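Since this is a predicted model, take the numbers as computed values, not measurements.
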Amino acid sequence: MPFSSLPPLLSEALATRGYVAPTPVQAAVLEPEAVGRDLIVSAQTGSGKTVAFGLAMASDILAESGQPPLLRAPLALAIAPTRELALQVSTELRWLFEKAGVKIATCVGGMDAAKERRTLSQGAHIVVGTPGRLRDHLERGSLDLRALKVAVLDEADEMLDMGFREDLEEILDATPPERRTLLFSATIPKPIIALARRYQRDALRISTVGEDRGHGDISYQAVTVAPSDIENAVVNLLRFHEAESAMLFCATRDNVRHLHASLIERGFAAVALSGEHSQNERNQALQALRDRRARVCVATDVAARGIDLPTLSLVIHVELPRDAEALQHRSGRTGRAGKKGTAVLLVPYPRRRMVERMLGGAKINAQWINPPTPDDIRRNDRERLIAQLLEPVEFDEDDRALAERLIAERSPEDIAAALVRAHRARMPAPEELIDRAVQPQGSADGHRPGFEDTLWFKVDIGRRQNADVRWILPLLCRRGHVTKNEIGAIRIGANETFFQIPRSAAAKFQAALKRTGGEEEGGVITPSATGPSAGGNDRPRSAGGPPRGPGGPGGPPNKRYAARPISAGRKGPARPR
């Protein structure tokens, strides 16, 4: 159904916004079989579904004249799970119905409730809000739903996941039984089906989600990383992509706080979004992203719902999503409106099998890669810098006068080198990852500089306990208060792992062991008089491939041997749940 068949004022509003033809979900709700019916619509984020349900409710709001009736009670209700999404829905509906004279009231948590009550008392044709605030207005008598003709539940699956079932049921129970109910959801799990059976009549099922649930405009990458190196991998991914805007997802507000502080410390222009931030702080953070004062947003799942940033091209799952639906919702912040985006999952070695199952169930074909190295980042930096400096630009007289003065004082080569240096100084330095540093340390051939005189130590973990250098190395650094560069060869036996410490650092290492506890996390660490045996059962390990064992590929078998995900002395995101 083309836009030309809509009421003229709506067609004019769409044309003003640059809409030429409807998106698939918009076309589906305008089909003759969908008009006037209850709908269950599954559509991907960024598919234009807000405008779609605005068009679907138009027949319930506008009279034949194209104008709304003179009523004080609302005719339409749109419910969204978060403040940001509700505000976004309200903004979209406002421009869509503005020319028709439709009044819209927004009721969300964190805003002035008294002001909302005054707006409702003055009359509104459409009310948009979050479940908790709408229920509060309903119980206080400031929201009258007896004349309601259509109710829309946006992101219905997320509202149920967030525990809003009782709120939704109380709100819907207060509406007339003959009203239409439109359920919009990226996924249709069993709780949504149960809700539909209770509150809908002969609902038409519409799906514009293709078989590829991973979203066709998003390329997925899975990056394997040592649990203790997650934060450093985040830094390198941000520097490697240098995206115009990037969103980083953590599981808890504490982890958002720690990662945000760490990125600020390193020189990234970053903002944070979580449940602990006030509405004013959230608005300021989003505005900083929109006007490009900030390029990185660290957020929890709930805080990031409904955020639509046109420049967002990179999503990093710092902590793994709980399931395929959460993965889809998170990743859907990018790859919107036909633009390409990249979603990167940081996968600790012990979690690879679980992630493979989740991706397979979601029918997402992800590319498994290693995290970018400093050399990879510097190579990209060089290409980006050259491209940037060779772009055609216009110079004014002051620019040329300053250039002539510089050429008089320095050679062109020195000026160019100074420009390159200044450009690099503005960017955060890439990080060396533990996994990349393991290979030479696991070698049995020869000595690295500084390891000509070493002492052997051992820890009572071996291959039978699924030992792996990729989590043993950060464990030794944390327990012995040394850096990875102070640990030499690492040789994993059947029940023990031997490693070298330079004699000059051995006293410091042993003193730290006494302070951290002899039998704490990672087993018992003691000096070894003889070192590893010469037999074939004791051999060096490197990061070439994860060993198989009861704890999964590359992972410890139980909590006793589990390495913490964040290195000593730095706070950051905890192990993904």
Could you tell me whether the side chain of [Y] reaches within less than 4.5 Å of the side chain of [X], counting heavy atoms only?
| X | Y | answer |
| --- | --- | --- |
| V127 | L145 | no |
| P371 | V223 | yes |
| T130 | P81 | no |

Please report the C-alpha distance between E244 and R295 in whole Å, then the side-chain angles of each, then the deciding distance to 0.1 Å, and finally whether the side chain to side chain contact (heavy atoms under 4.5 Å, CB included) criterion is met. CA-CA 6 Å; E244 192 171 355; R295 296 176 59 189; 5.6 Å; no
Does [X] reach the main-chain N or O of [Y] with its side chain, forming a donor-acceptor pair under 3.5 Å?
| X | Y | result |
| --- | --- | --- |
| N232 | E431 | no |
| S121 | R118 | yes |
| T175 | L172 | yes |
| S142 | H137 | yes |
| E170 | D167 | no |

In terms of ring plane angle, is the pair F184 and F53 parallel, tilted or perpendicular, where the classes change at 30° and 60°?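 Plane angle over 60°, so perpendicular.
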For L77, the option from V128, I126, V150, L134 that meets side-chain contact (heavy atoms from CB on, under 4.5 Å):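 So, applying the side-chain contact (heavy atoms from CB on, under 4.5 Å) to L77 and each of V128, I126, V150, L134, only L134 qualifies.
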Step by step, work out the side chain to side chain contact (heavy atoms under 4.5 Å, CB included) result for L160 and I192. CA-CA 8 Å; L160 295 183; I192 293 293; 3.6 Å; yes
